[in-house]
Every structure is written in C-alpha cells, then in structure tokens.
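From a predicted model like this one, the values you see are computed outputs, not experimental measurements.
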Amino acid sequence: MVPQWFRDAKLGIFIHYGIYAVNGIAESWSFYNKRISYEDYMKQLGGFTASKFDGEYWADLIAGSRAKYAVLTTKHHDGVALFDTKYSDLSVVKKTPAKRDIVDEYAKAIRKRGIRVGMYYSLLDWSHPDYASVYEGGVIPEDLSKVNPFSNPVDGIQDEEAWQRFLDFNKNQLSEVLGNYGAADLIWFDGDWERSASQWGLPEFKEYLKSFNPELVVNSRLCGYGDYKTPEQGLPITRPEGAWEFCTTINDSWGYAPDDHHYKSLNQIIRMFCECISMGGNMLLDIGPKEDGTVDPRQEEILLGLGKWISEHEEAVFGTKEGIMIRYYPGGSTVSMDGETLYLFVQDKPRENISIKGLCNKIRKITVLHSGKELAYDVHGGVPWFHIPGITWIYMNEKDCHEQVTVLKVELEGKVEMYGGSGAVVTHN
C-alpha cells in the first residue's frame, strides 16, 4: 500500500550526480555501450571535486520548486557510491578529491526543510567483480559473442557463489543507504532487468528493505514487486493503474551534459506537470548538477519558475485528486477532495470561450484562480428530463490568461457528476 503522502506529493525532484559530470558524458551507459573505454570513464574520479557542493543550496532550490520529495543517485550503474561505504573502495569519499559523503549532506539538508528523502540505488553494478557471474534467469544464451562482459560471463560458465556474494554486497550497501542517514522515505531502484525476481531474492528482499522503515515506498523497478509505476520520458497517454510517477529530464540528459542545449521551456514543463496531476500521478523532474555541485542556471530557472506557478495555483495542485476525463475537457483538471470544486487547466489562450461537455452539476461560480476574476458562463442544449446535460461554455479570452497555464476554479452544487452516455433520441418534450 502506497502511503498517502506519496499520492499527495504531486512533484518530486530527481538528482543525477556523479563522476560522469566531470566530462559531461552519459552516466554509466557511455562505457557499457563502448562510446568510451571503462578506463577512460573511471579517470573522471580524479576530476570529481564537488568543490562548490552545498546541500543547503540544493535543498533551497528543491523547496523553491515546491516539490514534496527528492531522489538522489546514491550509486549509479558504474558502481561509484556517493556515500561513505564500508563495503567498497569505489566511492567519492575514498577515490575522488571531493572526499565528502554527498548523501549525508543531501539527506540532512532536505529533511530540514520537511521534504521527503528519496534514495536512488542501482541494483546492478557494472564495476563489481562478482556481478557479471550469472545470466538472467540462469539461461545461457546461444550466441555468447553478443554477451556484454559488464553484465554476464562471456564463457558460458555461471558462478552462483559469486552471485550470492554480490547479493550480500547489495544488501550491505543498502543497509548503509537506508540506515545511516535517518529513515529514508523512498527507495528508487534501477537496473532490475538484467536478473529475474528469484535471482534478486524476491519477495524476501523487499521484506528486508521494509525492515528499515515499514512505510518505505519502493518504486516499480523491482521485477514486479514495487509499489508504484515509473513511466520514463514518454508521458502516459492512458492513465497507469494505481499510484504512478512520470520521471523526465529538463533537457535530453539525466546527468550534466554541457553540450545538450535541447531544453524544454518552462511552459512545456508546467503543461507536462498539469497532465500528470490530471491523471492522478506525480512528476519526478530531473536535474543534473555540474561536477562542482552547482546547477546550470537554466535548470535552476525552470525549477523556480515551476515553483512560482505552483505557489500561485496551489489550491488546484495540493489537496486535490485526479480530474475529469479529457473527453469532457481536453486541457486537464483536478478535483477538490470533497468533490465539489473542479479546477480546469487552460493551456492555450482562447479567443472567446472554453467548453466542458457532460457536466451534470449546476455551477455556483467560476473564477480565474490567479486573479480572482469571476467569469460568465452559459449552458446550451441538453435534455434535462433524460438526464443528458448540455455543453457548458465559459466566457474568457486572452486578457484573462496567466502567462503560463491558466487555472479556472469551477465551484459546483454537490459532488462533481459527469454524463457518460452516448445521447438519445428526444421522443417527447
């Protein structure tokens, strides 16, 4: 069962930080896919200084976005830990000039501001000597020439003892991530796909995780044993079942990439956010700090701009549930917890009006949320004695709009009720 705080959060901030920021290259995948040698990738250890890293600065930025939780990459697929681990020498504390426990400083600063603490942890580890010891499900592939040596044995021989050592290593590191920095609220796994559920030791492994915090939220990337779904980069068209979170980047990269200038605009980010909460989900928006720990001003501007918009419309964001279906109103919406107020997202500038189809309720009042201006409206059509509603036309134009996304507050008589039929022939008047 997913705790209510997660369902109510609406927004989280993802932080991809690691040695890959030194050269501004793809995290872990750059050596796995042979775009760079493993040796050259690991040379970045010598350039990771975190010289301007300030957990308080990160926390202020995340608080400014109005996010309710954050998720930091404590260890990506490259195996480099951002925390002081007893179980490996491969950490920024032991192997880089930074010599700092980034996770410790992050968790303290985030928690101080009342923001929920999330930890990303890669289940796979392409640097660990015991990781590439077995195949998924124990099935040896027919063509060993296609085996990636970072993932599996290249000779077709499996070593179950080595695999068990790796599982113990993962559990030991997770005991540090979940036990040394106060109770984590969320664990965000990645990399489950290279092994089966039984190889990861599920469901017992999840029980082990919950022993650190019974209320711990576990994302979906645990071979079907997670608590919520995590669609990535592509905004869902159909609402995922249950609790869910859309994780996405501000540009095209997760980590810091100085050559990636393909940024989404603030307006696009806000519109994507509105679509997520309209469908009852959260958005986990990623930033990739530079090697020194600072954040690109363009990313900082997006986070603060999103926070400003949320602050101006928080009544329509927090303390609401998913809205009416887009077949009734295409712009997206949320509904107050008592069901008697509908918040409509107007994502473009209408010339004269917008419309809602299928609204059965009588309307008490409609106002523009950011200005308080009351709007006129009219209802055309409908067959009341057949319980078929007409079309509600709300009169507004460009002058009524917010510079980003406008929100209309529609106060109803009773709980929102929508017509779902296909109409009928009027046989009597």
Side-chain angles (χ1 to χ4, degrees), residues 1-17 62-63 65-74 76 106 110 114-123 177-178 184-193 206 209-210 213 215-250 252-255 264 268-288 299 302-303 306-307 309-310 314 316-323 332-334 345:
M1 187 69 181
V2 178
Q4 194 62 41
W5 76 259
F6 181 82
R7 294 178 181 274
D8 294 340
K10 312 298 185 183
L11 179 65
I13 301 301
F14 215 169
I15 309 166
H16 273 69
Y17 189 44
I62 293 167
S65 76
R66 297 303 305 276
K68 299 299 184 183
Y69 65 105
V71 180
L72 172 65
T73 50
T74 67
H76 206 268
Y106 150 82
I110 290 294
I115 299 169
R116 299 277 182 168
V117 175
M119 307 290 203
Y120 169 110
Y121 183 87
S122 173
L123 286 167
V177 170
L178 297 176
D185 297 293
L186 184 149
I187 184 75
W188 212 100
F189 285 124
D190 205 6
D192 63 331
W193 60 83
K206 187 176 181 182
L209 300 170
K210 294 278 190 175
N213 176 11
E215 297 297 313
L216 181 71
V217 183
V218 182
N219 77 327
S220 65
R221 304 180 186 196
L222 199 61
C223 293
Y225 287 86
D227 297 324
Y228 69 92
K229 296 178 175 61
T230 55
E232 180 176 335
Q233 293 289 53
L235 194 67
I237 303 303
T238 301
R239 186 211 192 283
E241 292 184 10
W244 66 279
E245 162 198 87
F246 170 58
C247 55
T248 190
T249 51
I250 287 179
D252 288 335
S253 306
W254 294 102
K264 301 173 183 70
Q268 290 169 334
I269 294 290
I270 293 173
R271 290 174 70 146
M272 291 164 64
F273 175 66
C274 290
E275 292 204 38
C276 285
I277 65 175
S278 294
M279 292 191 286
N282 296 343
M283 183 164 80
L284 184 63
L285 182 62
D286 180 71
I287 58 173
Q299 299 194 7
I302 291 288
L303 262 60
L306 175 58
W309 182 88
I310 291 174
E314 63 179 292
V317 176
F318 302 120
T320 63
K321 52 190 175 182
E322 64 187 276
S333 61
T334 56
F345 300 126

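For Gln299, the side chain to side chain contact (heavy atoms under 4.5 Å, CB included) partners at least two apart in sequence or on another chain are Ile250, Asn251, Tyr263, Ile287, Val295, Asp296. Not a single side-chain hydrogen bond (donor to acceptor under 3.5 Å, both in side chains) links Ser333 to another residue, sequence neighbours left out. Residues satisfying the side-chain hydrogen bond (donor to acceptor under 3.5 Å, both in side chains) test with Thr230, not counting sequence neighbours, are Ser220, Arg221. Listed by chain and number, the residues in a salt bridge (Lys or Arg N to Asp or Glu O under 4.0 Å) with Lys229 amount to none (sequence neighbours excluded). The side-chain hydrogen bond (donor to acceptor under 3.5 Å, both in side chains) test applied to Asp227 returns Lys206, not counting sequence neighbours. Shown here are the side-chain hydrogen bond (donor to acceptor under 3.5 Å, both in side chains) partners of Trp254, two or more places apart in sequence or in another chain: there are none. Legend: residues meeting salt bridge (Lys or Arg N to Asp or Glu O under 4.0 Å) with Glu275, ordered by chain and number and at least two apart, are absent. By the side chain to side chain contact (heavy atoms under 4.5 Å, CB included) test, Arg7 is found to be paired with Val2, Gln4, Ala243, residues two or more places apart in sequence or in another chain being considered. Scanning for salt bridge (Lys or Arg N to Asp or Glu O under 4.0 Å) contacts around Lys321 gives an empty result, with sequence neighbours left out. In terms of the ring pair (Phe, Tyr, Trp, His ring centres under 6.0 Å) criterion, residue partners of Tyr228 (sequence neighbours excluded) are, by chain and number, Phe6. Residues that satisfy the side chain to side chain contact (heavy atoms under 4.5 Å, CB included) test with Ala67, not counting sequence neighbours, are Leu11, Ile13, Ile62, Ser65.
The shortest distance between side-chain heavy atoms of Leu284 and Tyr69 falls below 4.5 Å.
Annotation: Glu232, atom CD; neighbour count of heavy atoms from other residues, nucleotides and ligands within 6.0 Å is above 12.
Aromatic ring pairs are classed by plane angle as parallel below 30°, tilted from 30° to 60° and perpendicular above 60°; the pair Tyr121 and Phe189 is perpendicular.
Residue pairs satisfying the salt bridge (Lys or Arg N to Asp or Glu O under 4.0 Å) criterion with at least one member in residues 8-17, sequence neighbours excluded, are absent.
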